[in-house]
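Being a predicted model, the structure only gives us computed values, none of them experimental. Just so it is clear: chains get the letters A, B, ... in the order the sequence lines come, proteins before strands, and each one is counted from 1.
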Amino acid sequence: MLEFMGNMRRTHYCGTLRKTNEGEEVTVCGFVQRQRNLGQLIFVDVRDRTGIVQLSFDDTTEKSIFEKANATRSEFVVIAKGIVKIRSSINKEIPTGEIEIAVNEYKILSTAETPPFEIVENSNVKEELRCKYRYLDLRRPDLQRNIIMRHKIAKVTRDYFDENGFIEIETPMLIKSTPEGARDYLVPSRLYHGECYALPQSPQIYKQLLMVSGFDKYMQIARCFRDEDLRADRQPEFTQIDLEMSFVDTEDVLAVGEGYIKRLFKEILDVDVKLPLPRMTFADAMNFYGSDKPDLRFDMKITDLSDIVKDSGFGVFKGAIENGGSVRAICAKDAVDTYTRKNIDRLTESAKGIGAKGLAWVRLTDEGIASSFAKFISEDEMNAIIARCEAEKGDVIVIVADKDKVTLPTLGALRLEMANKLDIIPKDEYNLVWITEMPFFEYNDETDSWDAMHHPFTAPLDECIQYLESDPAKVKAKAYDLVMNGTEMSSGSIRITNPDLQKKMFNALGLSEQEAQEKFGFLTDAFKYGAPPHGGMGIGLDRLCMIMLKCESLRDVVAFPKMQNARDLMSESPAVCDEQQIKDLGIKFEE
RNA sequence: GGCCCGGUAGUUCAGUUGGUUAGAACGCUAGCCUGUCACGCUAGAGGUCACGAGUUCGAGUCUCGUUCGGGUCGCCA
């Protein structure tokens, strides 16, 4: 039954045929979506990446061809030549629904076993199965569309940066491990036993060196690797749109980033993005949304109640404030039916999971105020809380009392959890915001020292340099994140090029001159030979695709993703290697 | 590493308080059918109830462990 293509060649993609093609002899090929056999009349739907077209076989069809059509099953690979005809009954559901191909030459190029799941749009098959048979999952029209859109996004990206004078340069995959930040994937060296390459977490150092080399504007669609645990929006290998520019300050980089976003949204989604994009300081993001990546598609701001309850009779509130913490709240509108006692208990469990000791709450029901702490505080205080939260009948207020380090992230997480449950997040909106004035250092309780919140080449704001040694908490960075619908989409900064300042930075981070030289010497050495001021950013291509295409997971926009345990169920990697390979590398595994 | 959710036919699911031979839909196979397009009709095949132990007269159902998958916290400069 199987045949070779012979001289048959495709003239059209299936989904492109229309009634304007009537009478033409065309050849299409693809996978069989479905065969409908009516006895003396057979229809075969053929699918390729552009869509589906119907083939028809009847009593005018040559007998041997009719028999092949009869034997055709789903997912067979076929090629068919025939005349485009207007259908006697039109299918309005599909773009090719007005025509069909009356076949006069037909070959089955490959048969197919019944696939483990149907190749249809919007299938809700288990993740496990989809990933094991990823090549079949990728046949599904929605995934095909996503992957093709990703290609278009990459194309617009290259066009935009090319038109703006950027040069695409590849940087190495096998590099030196710089033990900062995320865990590196290591590649043992065969030639030098005991030594390793690392896969890049980002092309950071190389792109800065390219500025020293005078390329002035660089971009790359770069593969990056981080050996950390996965999330719906985190894969161990991912792609960044990486860029760096010389002779610029923050505003110049943001302007390029904004121009890119505007162009991309227009070309890909025909959405007009208004520029300049809104900005929010890191401090405001934390104080009002409890997150450095606030989802601003809905309101529900965090409110500070500390001054109202500081003298209240409720020990939990009073105690938190006396310990230098705060009492803060969020108010969910029309939530009283959703957040029954039972659901508030569940919410309390989530809050505890995040680090809060508990949750205080107020429910404004038709029957009056119900609250977990009403008996401990005065009526005036309760009224003040309700007024401050701008709460009305039907609303639910949840309150966390603790150190800011607990109250803010907890309420930030509850805000998202409640908004999801209440279904108040507008799904068709794209909300973009720059987060600016990022803090420079982060206090590490365990080591009792200050850690860099960014890589150590990030420049401080000019006016903050004076506090570098005296008051690290006050220092803010020339760093900026672009947040889209509550997902960190991009992160960048202006870099330090002044050797004295760089020395101070290493010093403030507790890095000795020798350590700094060992880790980053080739960069600081490079700066000695003339370093233009420069800065840039990295934009997460996978996340960008995920959000623009309204997907829930990166797995919907990455062709061959890893599972949550970092495995690939299809190829079954990672896997045990050949003994000789391991021996060549001079390494040994512990039992 | 912690927490939460899940695993029943090829697929998606139902399965009552622990009680006879574990069901449905779709898919698959065969037959019939000249205008279907989620074709229709008829018949049929298809199950280690994830795996292992335990409780019980009796376990898909209860308990414990393991495993696989999802979400999340830690982690992700």
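Between R73(A) and rU29(B), a side-chain N or O to OP1/OP2 separation shorter than 4.0 Å is present. Using a 4.0 Å cut-off, no side-chain N or O of R36(A) falls inside it from OP1 or OP2 of rU36(B). Phosphate contact (OP1/OP2 of rG69(B), side-chain N/O of N565(A), threshold under 4.0 Å): present.
Separation of the C1' atoms belonging to rC39(B) and rC26(B) is 15 Å when rounded to the nearest angstrom. Annotation: rC76(B) and rG54(B) have their P atoms spaced 45 Å apart (nearest Å). Taking atom C1' in both rA24(B) and rU8(B), one finds a spacing of 13 Å when rounded to whole Å. Comparing the P positions of rA50(B) and rU61(B) gives an interatomic distance of 8 Å, to the nearest angstrom. Only the C1' atoms considered, rG15(B) is 14 Å distant from rA59(B), to the nearest whole Å.
When side chains are defined from C-beta on, M489(A) does not count as touching V483(A), because their heavy atoms never get closer than 4.5 Å.
Salt-bridge annotation for R145(A) and D142(A): absent, with no side-chain N of the basic residue lying under 4.0 Å from a carboxylate O of the acidic one. E518(A) and K176(A) are not joined by a salt bridge, as no carboxylate oxygen comes within less than 4.0 angstrom of a charged side-chain nitrogen. With salt bridges taken as basic N to acidic carboxylate O contacts below 4.0 Å, none links E488(A) and K293(A).
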Considering only nitrogen or oxygen atoms on both sides, find all protein atoms under 3.5 Å from nucleotides 1-8 of chain B and state each distance.
none

Polar atom pairs between nucleotides 22-26 of chain B and protein, under 3.5 Å, N or O only, would you list them?
unit_1  : atom_1 : unit_2  : atom_2 : d
rC26(B) : O2'    : E118(A) : OE1    : 3.4

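Between the side chains of Q208(A) and Q204(A), at least one donor N or O sits under 3.5 Å from an acceptor N or O.
The stretch residues 39-48 of chain A comes close to RNA chain B through G39(A), Q40(A), L41(A), F43(A), each having a heavy atom under 4.0 Å from the strand.
Put simply, the side chain of Q35(A) and the base of rU36(B) share no donor and acceptor less than 3.5 Å apart. The base of rC37(B) sits with one of its N or O atoms less than 3.5 Å from a complementary donor or acceptor on the side chain of S89(A). A donor and an acceptor atom never sit less than 3.5 Å apart when one is taken from the side chain of E228(A) and the other from the base of rG74(B). Put simply, the side chain of R234(A) and the base of rC75(B) share a donor and an acceptor less than 3.5 Å apart.
Every side chain to side chain contact (heavy atoms under 4.5 Å, CB included) that D423(A) has, sequence neighbours left out, goes to K427(A). When the salt bridge (Lys or Arg N to Asp or Glu O under 4.0 Å) test is applied to E437(A), no partner is found at least two apart in sequence or on another chain.
Along RNA chain B, the nucleotide closest to Q204(A) and the one closest to I86(A) are compared, and the more 5′ of them pairs with I86(A). Nearest-nucleotide assignment on RNA chain B puts the 5′-proximal partner with N124(A), out of Q54(A) and N124(A).
Applying the Watson-Crick and G-U wobble criteria (two distances, each under 3.5 Å), rU63(B) pairs with rA53(B). Shown here, rU36(B) forms no base pair; nothing in the strands shown gives a Watson-Crick or G-U wobble contact with both key distances under 3.5 Å.
With R543(A) contributing its side chain and D233(A) its backbone, the two residues share a donor-acceptor pair below 3.5 Å. Side chain of S553(A) to main chain of D556(A): no donor-acceptor pair is present (N/O by atom type, distance under 3.5 Å, no hydrogens or angles).
When each of rA77(B), rC37(B), rG70(B) is scored by its nearest atom to the side-chain atoms of H455(A), the top-ranked nucleotide is rA77(B).
Applying the salt bridge (Lys or Arg N to Asp or Glu O under 4.0 Å) rule to pairs touching residues 473-485 of chain A yields D249(A)-K478(A), D462(A)-K478(A), sequence neighbours excluded.
In this structure, R567(A) reaches neither bases nor backbone, as no heavy-atom distance under 4.0 Å exists between it and the strands shown.
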